[in-house]
K.L.:
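Quick one: the structure is below, questions incoming.
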Amino acid sequence: MDAAREVFPDAERRRIFLACKGIFSGPHANFRKEKTIRKCLKRHENALRSLSSNYDLDHLVILARNYLKRGLFNSNARAELEFPGLFAPSLGPEPRSVNPREEVSRTETEALERARSGYATNNPDETGEPVVRSTIAASPTPSINRVAKRKREDESDQTVTPGRSNALSFSSFFTYPTQHCILTTVQQVLEEGIFDFMKRWVPEELARNNWDCASAVELNRWTKILVDWSSRLPESARLSRNAGLDAIVPEVTELRHIAVHRRPIAAQDVSRLVFAAQKLAEVLDDEVRALQLRSLHHDIEDKIIMMKCGKDALDDSLAAARKNIQLQREALCREEEELEAKAIDNDKQNRMRTGILLEESMARIFRSDSLVTHSEIVRLSTADEKSTAGEN
């Protein structure tokens, strides 16, 4: 264990723990055998490798096994003792220290706004109704937007494909197949839960409309029926005494609209909608489905932390690479400046040598003992001509 600590610095161990917390969740948190842990980590090796500059699977297995034996993945309190401030929200302005469960970056939010603006522009509300916003007081995750309530959308079977944007490229978004699988599954679970509730307390309503299965009615219509019947249910029905239904229904309706209209949303919004589904199951006093949705919500939250951790690691890696490139650029600039200075100096030396040579030539050409008068030139020419004629 000490050797593993030496391989991975504190910051990397923290990131590795958060990533492994997403891997060893649920029944996987009970793994203890080294072979099983290694096999599990091997499947996620590509993602884990980016978390450390000194990645080593053997040491990572030792770390993960130690954390599993100590129950750190199952207990946030124990994790806080090992990594102080791991889940504590930050009071400072630094975005990197914000609680990863609550952080949605400004850039990602703006991208999501653009995606939703494009959707609203291409698909205006048929009724012209204003957007209705709702919040769940107990929800642990922030809300970004709410979907407009549409009067005639209950019977709508349109499939709307919104304009895609750069928002999908951010790591705070699940892949769309994953998002769609989560929301459609949760939608089906809620439809079945409401159907069972209605079958128990108001079977006459189901018989009157010939609804013999949960899929006979869409989720948003089921929720409206719940609201309509909430004041007429017997006192023994828990729903009639729950004041939170009005706050939950808009969130559940939003879940249905996003699933049906194939709208990509941030991972935090997926978590928020699943949490709303969990609260509705609790309102229906459906312990089995509430437990299922609670487990799903916790798992989504763990995976969001894992994605945040991976994004931080990529940011750190990119920052280090940029710093290295900047250092190389500065070194190259210095080398370029030195070469330019050397070239200027060489040019100066070359001009000085050329000047010296020219000055020596001028001195040789114009010195006094080398000057010849005009009469001497004529005399020498005449003598030369006579000498030539005598020879002939």
Side-chain angles (χ1 to χ4, degrees), residues 15 17-30 40 43-44 47-48 72-76 79 86-87 89 98-105 108-109 112 135-147 167-168 170-193 219 248 250-259 262-282 286-313:
R15 288 200 298 264
F17 170 79
L18 290 173
C20 289
K21 181 176 173 63
I23 296 172
F24 297 105
S25 59
H28 292 176
N30 297 320
C40 193
R43 289 200 301 268
H44 302 276
L48 293 170
L72 267 60
F73 296 130
N74 286 331
S75 172
N76 288 347
L86 184 66
F87 301 114
V98 175
N99 186 343
R101 293 180 182 270
E102 300 179 356
E103 182 190 33
V104 177
S105 69
E108 294 163 351
T109 303
L112 185 59
T135 57
I136 299 178
S139 176
T141 52
S143 298
I144 298 178
N145 279 326
R146 299 293 183 269
V147 177
L168 290 178
F170 291 102
S171 61
S172 67
F173 287 75
F174 296 132
T175 60
Y176 185 75
T178 299
Q179 172 194 311
H180 188 67
C181 179
I182 292 172
L183 296 184
T184 52
T185 300
V186 171
Q187 179 181 352
Q188 181 180 352
V189 168
L190 289 180
E191 288 173 352
E192 293 172 353
L219 179 60
I248 299 172
E251 302 276 351
V252 175
T253 303
E254 180 183 357
L255 184 152
R256 177 266 177 191
H257 292 337
I258 290 173
R262 276 44 175 191
R263 289 184 50 216
I265 59 175
Q268 289 285 0
D269 267 353
V270 175
S271 177
R272 172 177 58 81
L273 295 177
V274 172
F275 181 76
Q278 171 197 326
K279 299 303 291 183
L280 179 57
E282 292 173 355
D286 191 335
E287 295 181 359
V288 174
R289 292 185 176 91
L291 180 60
Q292 292 174 334
L293 293 171
R294 188 180 302 113
S295 298
L296 175 60
H297 178 253
H298 289 166
D299 201 47
I300 289 174
E301 287 287 284
D302 288 340
K303 298 306 183 288
I304 289 175
I305 292 177
M306 183 177 176
M307 284 200 310
K308 174 67 169 56
C309 174
K311 181 179 179 180
D312 287 347

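Quick note: residue numbers are just sequence positions, from 1.
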K.L.:
Taking the side chain from S75 and the backbone from L72, do they hold a donor-acceptor pair closer than 3.5 Å?
P.N.:
no
K.L.:
Within the distance-only criterion (no hydrogens, no angle test), does the side chain of E301 pair as donor or acceptor with the backbone N or O of S271 below 3.5 angstrom?
P.N.:
no
K.L.:
If I take atom CG from residue N74 and atom CG from residue N30, how far apart are they, to the nearest 0.5 angstrom?
P.N.:
6.5 Å
K.L.:
Does the side chain of E251 reach to within under 4.5 Å of the side chain of K279, using non-hydrogen atoms?
P.N.:
no
K.L.:
Between V252 and A276, what is the shortest heavy-atom contact and its length?
P.N.:
CG2-O, 4.3 Å
K.L.:
Nearest 0.5 Å, what's the CD1-CD distance between I300 and Q268?
P.N.:
10.5 Å
K.L.:
Parallel, tilted or perpendicular, judged at 30° and 60°: which one describes the rings of F73 and F24?
P.N.:
parallel
K.L.:
Distance check, rounded to the nearest 0.5 Å: I258 atom CD1 versus T253 atom OG1?
P.N.:
11.0 Å
K.L.:
Indicate the atoms forming the closest heavy-atom contact of I304 with A267, along with that distance.
P.N.:
CD1-O, 3.6 Å
K.L.:
side-chain contact (heavy atoms from CB on, under 4.5 Å), that's the test. Do I265 and L273 meet it? Break it down for me.
P.N.:
CA-CA 11 Å; I265 59 175; L273 295 177; 3.8 Å; yes
K.L.:
Please tell me if the side chains of H297 and V186 come closer than 4.5 Å, counting only heavy atoms from C-beta onward.
P.N.:
no
K.L.:
Quick check: closest heavy atoms across A259 and H180, and the distance to 0.1 Å?
P.N.:
O-CE1, 3.4 Å
K.L.:
Quick one: do R294 and E282 satisfy side-chain contact (heavy atoms from CB on, under 4.5 Å)? Show the steps, please.
P.N.:
CA-CA 10 Å; R294 188 180 302 113; E282 292 173 355; 2.9 Å; yes
K.L.:
Can you check whether L219's main-chain N or O pairs, donor with acceptor, with E191's side chain at less than 3.5 Å?
P.N.:
yes
K.L.:
Using 0.5 Å steps for rounding, measure from the CZ atom of F173 to the CG atom of D269.
P.N.:
8.5 Å
K.L.:
As an exercise, state the distance from NE2 of H298 to CD of Q278, rounded to the nearest 0.5 Å.
P.N.:
6.0 Å
K.L.:
Hey, does R262 have a side-chain heavy atom less than 4.5 Å from the side chain of Y176?
P.N.:
yes
K.L.:
Could you report the tightest heavy-atom contact between S25 and K303, atom names first, then the distance?
P.N.:
OG-NZ, 3.3 Å
K.L.:
Which atom pair, heavy atoms only, marks the closest approach of L293 to A281?
P.N.:
CD1-CB, 4.0 Å
K.L.:
Report the distance from atom NZ of K21 to atom NE2 of H28, rounding to the nearest 0.5 Å.
P.N.:
15.0 Å
